[in-house]
Amino acid sequence: MKIVNVVGARPNFVKMSPLIREMLRHPTIVPTLVHTGQHYDDAMSARFFAELEIPAPDHNLGVGSGSHAIQTAQVMQRLEPLLTSVRPDLVLAVGDVNSTLAAAITAVKLGLPLVHVEAGLRSFDRAMPEEINRLLTDAVADLLFVTEEDARVNLLREGVAPAKIHFVGNVMVDALLAFKPRWEASPILDRLPLDGKRYAVLTLHRPTNVDDPDTLNELLGALQEIGRHLPIVFPVHPRVRPRLALGASASNRGLVCLPPLGYLDFVALMSRARLVLTDSGGVQEETTMLGVPCLTLRDNTERPVTVSHGTNRVIGTRPQRIVEEALRVLDDPPRPVAPPPLWDGRAAQRIVRILLGQGSDPAPGTPESVAHAPLLSGRGA
Ligand code: UD1
Ligand code: UDP
């Protein structure tokens, strides 16, 4: 079975790590890995391949940055001849970035079966580029692997045939669990000027939060206020870097700004934080597993299970509310609960079994479907 796997951006690499490792355990599967080049800085790409033991890509399409249309079109243009020559049995795409959508359209127009891992998530906010990518990819996918029950419901509502949908758990959680001994050994805390104090972690990269200087400055103002109570460590996404350089320095606002961190350092940092403030999708899921309080600086989430089963609260972007919620969480942290169903480190295994025609969804109530205890108990530094 020839499978072409397509990745392009930082969260894709994390999700691909357990999948490709599982594929390589099966001699009947011949995986090809295609990196579109959407993310290309060492700190956003190569470092993840090294730390997460992802084999070097067989092909790098080198598309780089650009407008949505240019980036998507270039992936399609460069992927089409490759798929035509490889003629895989399946094309597999993860997540919701432009590379995901481009791979999906290219594959199905060549008549190749498309597998979407992390299907069905919906924010119901079409101003998010990712929502468009998710809707369109799911509309053409042949096999849709979902991380939570809500995602299955969304797909059924959109008319996807039930037989195409499989609830398998979360490959991002597979990576988190598989690499636990490595991130636990990260020396990141010794390298930061925190002096053993409690701290918060911040990530921001959604266009609605960071592209407009006034919006970004308002957010940073609220964070500065929180920064009076505890230091906030802020690994800065490259999308935000030029905006910080242009505007007021975030370091003057009580934030410890760093370049984007490698996966092991970043997870280690989150795992010992008192609080995580974020607009990332993956970080909402990881904090749920780590049992660390998460405040999502958005008006919605496509991952409601992190609220119903996790430590996540979706609090919007009004500065006053952000400060109030942060102080409340610091005062009275939510208790970690059992993680969401099937977030147990075996999603990739289930996916590959289904691809090979050897398995089906675990029945509710079987040992496979029972949630495991949280990784950590939400302790602070
Ligand atoms: C992309 C995804 C987003 C995902 C995020 C993960 C889309 C539409 N967006 O957003 O869903 O949550 O990745 O991090 O696919 N840049 C660099 N170096 C890099 C990569 C990007 O400097 O290695 C800068 C460039 O100025 C680029 C900007 O970041 O224009 C934005 O990159 P892009 O990939 O277009 O979108 P992200 O904001 O990273
Ligand atoms: N991440 C990282 N270093 C950082 C910030 C995030 O390794 O400095 C990891 C994080 O642990 C998660 C993934 O990147 O595994 C999430 O990617 P991102 O927030 O860029 O994208 P999203 O999940 O929002 O699409």
Side-chain angles (χ1 to χ4, degrees), residues 1-8 11-34 52-55 88-97 99-100 103-104 107-108 112-121 134 137-138 140-152 154-155 160-179 281-282 285-286 289 303 305 339-364 366-372:
M1 178 183 281
K2 283 198 280 185
I3 306 180
V4 167
N5 300 284
V6 182
V7 290
N12 293 172
F13 310 140
V14 180
K15 292 163 197 172
M16 186 51 65
S17 164
L19 278 169
I20 199 127
R21 186 152 4 100
E22 184 63 22
M23 286 181 196
L24 289 168
R25 288 186 52 239
H26 293 266
T28 50
I29 297 183
V30 183
T32 298
L33 185 58
V34 178
L52 292 160
E53 296 178 344
I54 307 167
D89 299 293
L90 295 173
V91 175
L92 184 147
V94 295
D96 55 13
V97 302
S99 301
T100 313
V108 296
L112 299 170
L114 173 70
V115 180
H116 187 203
V117 173
E118 202 189 84
L121 298 180
R134 293 188 280 253
T137 302
D138 288 340
V140 293
D142 297 281
L143 257 180
L144 301 96
F145 291 111
V146 302
T147 52
E148 55 178 281
E149 185 55 31
D150 283 288
R152 187 208 294 272
N154 293 334
L155 293 171
V160 177
K164 291 182 178 179
I165 308 168
H166 298 274
F167 179 22
V168 288
N170 189 327
V171 286
M172 197 160 232
V173 170
D174 291 8
L176 190 76
L177 296 172
F179 286 89
E285 299 181 337
E286 289 164 341
M289 286 306 291
R303 294 164 159 88
V305 79
L342 298 191
W343 288 23
D344 59 3
R346 289 192 286 161
Q349 207 179 313
R350 294 188 187 102
I351 289 170
V352 168
R353 272 171 56 188
I354 291 168
L355 296 182
L356 289 169
Q358 293 172 355
S360 56
D361 301 14
T366 60
E368 278 214 322
S369 70
V370 174
H372 287 226

Q.
How close do A119 and V146 get, counting heavy atoms only, and between which atoms?
A. O-CG1, 3.5 Å
Q. Is the shortest heavy-atom distance from the side chain of R303 to the side chain of E118 under 4.5 Å?
A. yes
(Q) Main chain of A175, side chain of S17: is a donor-acceptor contact present, judged purely on distance under 3.5 Å? (A) no
(Q) Would you compute the distance between atom CZ of R25 and atom CD of Q349 and round it to the nearest 0.5 angstrom? (A) 6.5 Å
Q. For A178 and R21, which heavy atoms make the closest approach, and how far apart are they?
A. CB-NH1, 4.2 Å
Q) Is there a donor-acceptor pair under 3.5 Å between the side chain of N154 and the backbone N or O of L121? A) no
Q | Whether T100 side chain and V94 backbone form a donor-acceptor pair below 3.5 Å | A | yes
Q | Interatomic distance, H166 atom NE2 to R353 atom CZ [nearest 0.5 angstrom] | A | 12.0 Å
Q. Going by heavy atoms in the side chains, are L114 and L112 under 4.5 Å from each other?
A. no
**Q.** Note, D174 side chain near E22 side chain (heavy atom, < 4.5 Å)
**A.** no
Q | Sub-4.5 Å side-chain heavy-atom contact between L24 and P55 | A | yes
Q) Which pair of non-hydrogen atoms, one from V108 and one from V140, has the smallest distance, and what is that distance? A) CG1-O, 3.4 Å
Q) With side chains defined as the heavy atoms from C-beta onward, is the minimum distance between H26 and V352 less than 4.5 Å? A) yes
Q: Would you check if the side chain of W343 reaches a backbone N or O of T147 as a donor-acceptor pair within less than 3.5 Å?
A: yes
Q. Do side-chain atoms of R134 reach the backbone of D96 as a donor and acceptor pair under 3.5 angstrom?
A. no
Q. Would you say N5's side chain and L92's backbone share a donor-acceptor pair under 3.5 angstrom?
A. no
Q | Euclidean distance, I351 CD1 relative to L143 CG, rounded to 0.5 Å | A | 10.0 Å
Q: Check whether any side-chain heavy atom of F145 lies under 4.5 Å from a side-chain heavy atom of V171, and answer yes or no.
A: no
Q: Could you grab the distance from atom CG of L33 to atom CZ of F13, nearest 0.5 Å is fine?
A: 9.0 Å
Q: Determine whether L144 and R152 make a side-chain contact, defined as any pair of heavy atoms from C-beta on separated by less than 4.5 Å.
A: no
Q.
Restricting to non-hydrogen atoms, name the atom on L355 and the atom on L90 that form the minimum distance, rounded to 0.1 Å.
A. CD2-CD1, 3.9 Å
Q. Between OG1 of T28 and CG of L356, what distance do you get to the nearest 0.5 Å?
A. 5.0 Å
Q | Contact summary for P18 and V14, nearest pair of heavy atoms | A | CD-O, 3.2 Å
(Q) Is there a side-chain contact between L342 and R350 in this structure, where contact means two heavy atoms from C-beta onward sitting under 4.5 Å apart? (A) yes
Q | For A347 against G169, the heavy-atom pair lying closest together | A | CB-C, 3.6 Å
Q.
One pair to check against side-chain contact (heavy atoms from CB on, under 4.5 Å): E285 and N170. What are the steps and the verdict?
A. CA-CA 9 Å; E285 299 181 337; N170 189 327; 3.1 Å; yes
Q. Under the 3.5 angstrom rule, does the side chain of H116 hit a backbone N or O of G95 as a donor-acceptor pair?
A. yes
